[in-house]
Each structure stands twice: as C-alpha cells, then as structure tokens.
> 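There's a structure below that I have some questions on.
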There are 2 protein chains.
Amino acid sequence: MTENIQPTQGELEILQILWKKGPCTVREVNELLNATQDKSIGYTTTLKIMQIMFEKNLLSRNDSQRTHVYSAEVRESNIQSALLGRFLDAAYKGSASKLAMHLLGNHKTTPDELAEIKALIDKLEKNKPA
Amino acid sequence: MTENIQPTQGELEILQILWKKGPCTVREVNELLNATQDKSIGYTTTLKIMQIMFEKNLLSRNDSQRTHVYSAEVRESNIQSALLGRFLDAAYKGSASKLAMHLLGNHKTTPDELAEIKALIDKLEKNKPA
DNA sequence: TATTGTATACGAAACACTTCGTATTTAAGC
DNA sequence: GCTTAAATACGAAGTGTTTCGTATACAATA
C-alpha cells in the first residue's frame, strides 16, 4: 500500500508537522508552517491541502468537534522509505552505494552517526556472510 | 551555481541518457526514452523538453548541422548531490544518518558496496578525530 | 524545380498542485 | 433568536510541467 503513495512537497511539509507534533487542527498546522518557513501561507490554503490529503487517506480527522483535528494516517518511516526508493531510481539509477558516498561525503555527519552507520554495516555483513 | 538547479522528473530522465550515452540527437534520446520506459513519448514532446533544457542551460547543442546534437551541460554528480541535499531536507529533515539507515536497511547492497562504504567511513573518522 | 521525408519552432491544451476569495455552517454570547 | 467570530466547503484562478498538433524550414532526389 504505502509504496504507491507519493505525497507532494506541500503535503510532505504538513506530514512532517503532524509526525512531530501529533494530531493538530488546521490552524495549528498553518501557524507552524508559517513559523517554520520564510513565505507565508493563507489559512484556507493549508485547509484545502489537508482536505485533499484527507481524501487521499494521507490524513484522518476527528470531526466530532466543530474544529476538526487531523492526524497522519501514514508512518514517517514508511513514507521516507518509499520516497527514498523513488529518489534512488530517479537520481541514482538505483545505485545505493553512490548515493551513500555522496551522503557521507557532502553532508557533515557527526562521529556518533558515523559509528552508528558502521555498526549497521557490521550487522548486515554478519547476517549475510560471503 | 549548480546548487540551485532543479531539473524536473522528465528533465532528469533525459539527463540520465545524455550522461550515459554522451551527445545525442533528439531522435536518439526519444528512442531511448521509449525503449527504456513503459509509456511512449512523442518526438515533439522530447524535442520541446530538450529545447527548454537548452534555454535553462541544462543542455548545450551543436546546431551546425540540420540535426542538432545536444550535450549535458551539468555534471552528473553535481546534480545528484544537489538533489540529494534537497531530498534530505524535505523527507528526512536533514538527518543523514536516518536516511543512511533506510538506504542500507531496505535496499540490497552488495558486500563490495558495504565494504566500500565502510572504508569511506573509516577515512572520514581519521580525518576528523574526536 | 517539385516532391518527399525529416528536423525544428511555435503555440495551445491537458494535467496536477497551490493559492485564495467567497459562501456557508456552526457555536457561543448577548 | 440575533449577532458575531471562527471554522469548513467550494470554486476558480495562478503556476509549472508535459504533451502534442501543426506550421515551417531544409536537404536530398527524382
């Protein structure tokens, strides 16, 4: 199911907020969007996008109150993995190692993170012995 | 310069072909696009996109002959890194290690690739001693 | 030079996402 | 019950990309 989901840029920004904050009203999301970003987005714009996301089942909502409360219906790591798979194909033609090289090479990764990644590689190597 | 370049999906597919094959005519690119993919794309569609890419300086062209020959004006690894940076922000909020986890965890990476990545990490750790 | 095949140029339609104005609904307070 | 403030619903315009029909240019050749 999750693999075919393709949230747009705007939708992803809203999902990020809901993943971090938990269930929110449209106004809360809109205010956080405007607080985080440089540009300012109208309330009805945020509302519209969230309504569309609701129709796509990216969000659920509690409308027992006048003010609806929206929740993410998709898991952060699922969406990330799906997007990553697509990105890997589109930009790297599937070469995960090339992507990893750029990732580690260009972006300052903390020593802790490097150690963590190395530990994961060790684990993978043990699980799949040559 | 390169950091601000944002090729679209369609443009990226054309760049992939030119990166792999070197300079090509519109017809060659169009045939390769249709050979690679499931969907079929009209010749003038490919032409139009490549003309737009030319205007954006993503491509250069040799029009000394009636049949123009196009070349990529941007380097593969530059574009990949730029796209990766954006993707990392949009989908992972900048957490490179989380992305790396998904990358190594979900996509089968060969033992050789794993060793290569581990070697890179070792090098990074030596260059930046705690 | 007229014909034919192929190339480029141009413009408009199709499509998807974003944006917001305005209408409508709703709940609370007077 | 009326008024007001705030929420949702709706519709349409704005924006960027893709798609392609059609016009035009060009070169080879009959």
Side-chain angles (χ1 to χ4, degrees), chain A residues 4-18 23-34 36-71 74 79 83 86-87 90-91, chain B residues 4-18 23-34 36-71 74 79 83 86-87 90-91:
Chain A
N4 296 327
I5 293 176
Q6 176 87 280
T8 66
Q9 178 67 31
E11 289 173 346
L12 195 53
E13 283 167 16
I14 289 172
L15 282 174
Q16 299 278 15
I17 288 174
L18 292 173
C24 287
T25 65
V26 174
R27 182 152 305 281
E28 285 166 340
V29 169
N30 182 246
E31 276 164 9
L32 287 168
L33 277 180
N34 285 320
T36 312
Q37 301 176 165
D38 38 347
K39 62 177 176 180
S40 95
I41 293 173
Y43 172 84
T44 54
T45 302
T46 304
L47 170 66
K48 180 74 163 192
I49 295 181
M50 289 176 74
Q51 285 172 337
I52 290 170
M53 292 171 78
F54 173 67
E55 281 162 21
K56 289 184 187 173
N57 292 312
L58 286 173
L59 305 184
S60 61
R61 73 181 174 194
N62 178 337
D63 55 0
S64 63
Q65 302 300 121
R66 181 160 100 89
T67 303
H68 299 353
V69 176
Y70 288 80
S71 313
V74 290
I79 293 294
L83 290 174
R86 255 189 286 278
F87 177 74
Chain B
N4 296 327
I5 294 176
Q6 177 86 278
T8 66
Q9 179 67 33
E11 289 173 345
L12 195 54
E13 283 167 15
I14 289 172
L15 282 174
Q16 300 278 15
I17 288 174
L18 292 173
C24 287
T25 65
V26 174
R27 182 152 304 283
E28 284 166 341
V29 169
N30 182 245
E31 275 164 10
L32 286 168
L33 277 179
N34 285 321
T36 312
Q37 300 176 166
D38 38 346
K39 62 177 175 178
S40 96
I41 293 173
Y43 172 84
T44 55
T45 300
T46 304
L47 171 66
K48 180 74 165 191
I49 294 181
M50 289 176 74
Q51 285 172 336
I52 291 171
M53 292 171 79
F54 173 68
E55 283 161 20
K56 289 184 188 174
N57 291 314
L58 286 173
L59 304 184
S60 61
R61 74 181 173 193
N62 179 337
D63 55 1
S64 62
Q65 302 300 121
R66 184 160 98 89
T67 303
H68 300 175
V69 177
Y70 288 81
S71 313
V74 290
I79 293 294
L83 290 174
R86 255 189 286 278
F87 176 73

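Owing to the predicted nature of the structure, the values given are computational and were not obtained by experimental measurement. Here is how names work: the chains are called A, B, and so on, in the same order as the sequence lines, proteins then strands, and each is numbered from 1.
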> Whole angstroms only, please: what is the CD-C1' distance between B:Gln6 and D:dT17?
13 Å
> Starting at atom CD1 of A:Ile49, determine the distance to atom P of D:dC10, rounded to an integer number of angstrom.
17 Å
> Using a cut-off of strictly less than 4.0 Å, decide whether A:Gln51 has a side-chain nitrogen or oxygen near OP1 or OP2 of D:dT8.
no
> Quick check for you: among C:dC20, C:dA9, D:dA7, whose closest atom lies nearest to any side-chain atom of B:Thr44?
C:dA9
> Quick one: which of D:dA12, D:dT19, D:dT17 gets closest to the side chain of B:Lys56?
D:dT17
> Rounding to an integer number of Å, can you tell me how far B:Tyr43 OH sits from D:dT22 P?
18 Å
> Any side-chain to backbone donor/acceptor pair from A:Asn30 onto A:Leu47? Under 3.5 Å, distance only.
no
> With sugar-phosphate meaning primed atoms plus P, OP1 and OP2, does B:Thr67 contact a base, only sugar-phosphate, or nothing at under 4.0 Å between heavy atoms?
sugar-phosphate
> Rounded to whole angstroms, how far apart are CD on A:Glu11 and C1' on C:dT19?
14 Å
> Against A:Ile14, only a single residue in A:Val26, A:Val29, A:Thr8, A:Leu58 fulfils side-chain contact (heavy atoms from CB on, under 4.5 Å); can you say which?
A:Val29
> Please figure out whether B:Arg61 or A:Ser40 has its closest DNA chain C nucleotide nearer the 5' end.
B:Arg61
> Base, sugar-phosphate alone, or nothing: which one does A:Thr8 contact when heavy atoms must sit under 4.0 Å apart?
sugar-phosphate
> Name the residue closer to the 5' end of DNA chain C, choosing between A:Gln9 and A:Ser64 according to the nucleotide with the nearest heavy atom.
A:Gln9
> Any side-chain heavy atom of B:His68 sitting closer than 4.5 Å to one from B:Met50?
no
> As a test of reading the structure: which of D:dA9, D:dT19, C:dT26 is closest to the side chain of B:Lys39, going by heavy atoms?
D:dT19
> What is the distance from CD of A:Glu55 to P of D:dT8, rounded to the nearest Å?
14 Å
> Taking the side chain of B:Arg66 as heavy atoms from C-beta outward, which of D:dT18, C:dA9, C:dA7 is closest to it?
C:dA7
> Measure from CG on A:Asn62 to P on D:dA7 and round the result to the nearest Å.
16 Å
> Nearest whole angstrom, please: distance from the P of C:dC20 to the CG of A:Asn30.
10 Å
> Over how many whole Å does the gap from A:Met50 atom CE to D:dC10 atom P extend?
17 Å
> Would B:Tyr70 and B:Glu28 count as a side-chain contact (heavy atoms from CB on, under 4.5 Å) here? Give the steps.
CA-CA 10 Å; B:Tyr70 288 81; B:Glu28 284 166 341; over 6 Å; no
> Measure from the side chain of B:His68, starting at C-beta and using heavy atoms only, and say which of D:dT18, D:dA9, C:dA9 lies closest.
C:dA9
> Nearest of D:dT8, C:dT19, D:dT18 to any side-chain atom of A:Leu47?
D:dT8
> How do A:Val69 and B:Thr46 order along DNA chain D: which one's closest nucleotide is nearer the 5' end?
A:Val69
> After noting the C-alpha distance and the side-chain angles of A:Glu13 and A:Gln9, does the key distance pass the side-chain hydrogen bond (donor to acceptor under 3.5 Å, both in side chains) rule?
CA-CA 6 Å; A:Glu13 283 167 16; A:Gln9 178 67 31; 3.3 Å; yes
> Tell me which nucleotide among C:dG11, D:dA7, D:dT18 gets nearest to the side chain of B:Lys48.
C:dG11
> Name the orientation class of the two ring planes belonging to B:Phe87 and A:Phe87 (parallel below 30°, tilted from 30 to 60°, perpendicular beyond 60°).
parallel
